[in-house]
Amino acid sequence: MNKKYELIYEGKAKKVFSHDDSDKVIIEFKDDATAFNALKKAKFEGKGKLNCLISARIFEHLKKKNIPTHFLRLKNENTMIAKKIKVIPLEIVLRNIAYGSLCKQTTIKPRTVLAKPLIDIYLKNDELNDPLITRDRIELMKILSSKDLDLIIDLTLKINSILKNFFKKIQLQLVDFKLEFGYDFKNNILLADEISPDNCRLWDLQQKNDMIISLDKDRFRNDLGGLIEAYSEINRRINNFI
Ligand code: TMP
């Protein structure tokens, strides 16, 4: 990245830089991968580029469906220009099928199709290990108003309907995903962060037998190998579709 841009924030998978316009930022997607709150770390050459391209295409699709997002445009293959936002420190997870932590923390069996989408909200705080949080605790911490929480939940459900359809058309099952939101300078709530195989579970519907073929970060979390091949396949299917 050009030196004139100031690094504002560095996360586990992205760097955020200042932009000439004070209401915009430049987001660079890194090749780093972490799991289990960074207990597990690795680098995958080309992951940043793939997640940036996949996220850009998905944000464009959501924009067409009237979902407000921070995405403005791609700058290059691993960098995008986005609206500057104040991050809401919550991770909104929506689950269509039971898997991952839901099955470790409850008696619900993996692969159970949920009668309706389940929304689990986590506090975005690495020191506390992103704990599951309640509506009352969110209000108590004054993270956001009950009205804005309802708005975020409503947006998450809409995004799920749009993305489930979108991925189905490219033979992928959207198992679950994690979203982050923020406020722009006019106090509008925007979808932020990224939407990529790093924060969605996507299973291949082209698989004919009963085996799960994960085309997402579970390839790294569960030591399955072939992460770049899986992300490339998702990018390829999206580009063929759009
Ligand atoms: P979980 O089953 O581990 O709770 O994950 C649910 C979904 O949220 C899955 O698609 C992965 C995503 N996720 C993130 O994007 N970041 C995280 O830190 C965690 C824990 C999950």
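Numbering starts at 1 and runs along the sequence shown. Ligands are counted one by one from 1 in listed order, and the atoms in each one are counted from 1 as well.
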Which part of Arg95 is near ligand 1, with near meaning a heavy atom under 4.0 Å away: side chain, backbone, both or neither?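 Answer for Arg95: side chain.
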[X] atom [atom1], neighbour heavy-atom count above 12 within 6.0 Å:
X	atom1	value
Arg137	CZ	no
Asn209	CG	yes
Glu45	CD	no

Examine ligand 1 and decide if any of its atoms is less than 4.0 Å from a heavy atom belonging to Lys104.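 Per 4.0 Å heavy-atom rule, Lys104 does not contact ligand 1.
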Please say whether the positively charged group of Lys40, taken as NZ for Lys or CZ for Arg, lies over the ring of Phe220, i.e. under 6.0 angstrom from the six-membered ring centre and within 45 degrees of the axis.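 Here Lys40 passes the 6.0 Å and 45° test against Phe220.
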Can you say whether the rings of Phe71 and Phe59 are parallel (under 30°), tilted (30 to 60°) or perpendicular (over 60°)?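 It falls in the parallel class, under 30°.
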Identify the protein heavy atom lying closest to [atom], giving its residue, its atom name and the separation to 0.1 Å.
atom	answer
atom 11 (C) of ligand 1	Arg221 NH2, 3.3 Å
atom 12 (C) of ligand 1	Lys178 CB, 3.7 Å
atom 17 (C) of ligand 1	Glu91 OE1, 3.9 Å
atom 7 (C) of ligand 1	Asp176 OD1, 3.5 Å

Under 4.0 Å from atom 21 (C) of ligand 1, is there any protein heavy atom?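 No, there is no protein heavy atom closer to it than 4.0 Å.
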Counting only heavy atoms on the protein side, is anything nearer than 4.0 Å to atom 9 (C) of ligand 1?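 Yes, there is one.
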Could you go through Tyr231 and Phe44, starting from their C-alpha distance and side-chain angles, then the distance that decides it, and tell me whether this counts as ring pair (Phe, Tyr, Trp, His ring centres under 6.0 Å)? CA-CA 11 Å; Tyr231 286 31; Phe44 295 92; 8.0 Å; no
Numbering the atoms of ligand 1 from 1, which are under 4.0 Å from a heavy atom of [X]?
X	result
Arg201	1 (P), 2 (O), 3 (O), 5 (O), 6 (C), 9 (C), 10 (O)
Phe177	10 (O)
Val93	6 (C), 8 (O)

If you take the nearest heavy atom of each of Gly100, Cys200, Ser101, which one is closest to atom 1 (P) of ligand 1?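 Result: the heavy atom closest to atom 1 (P) of ligand 1 is in Ser101.
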Search all heavy atoms of Ala56 against all heavy atoms of Met80 and return the closest pair with its distance.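 In this case the closest contact between Ala56 and Met80 is N-CE, 4.0 Å.
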Do Thr79 and Ile27 have side-chain heavy atoms sitting under 4.5 Å apart?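 With C-beta onward as the side chain, the pair stays apart.
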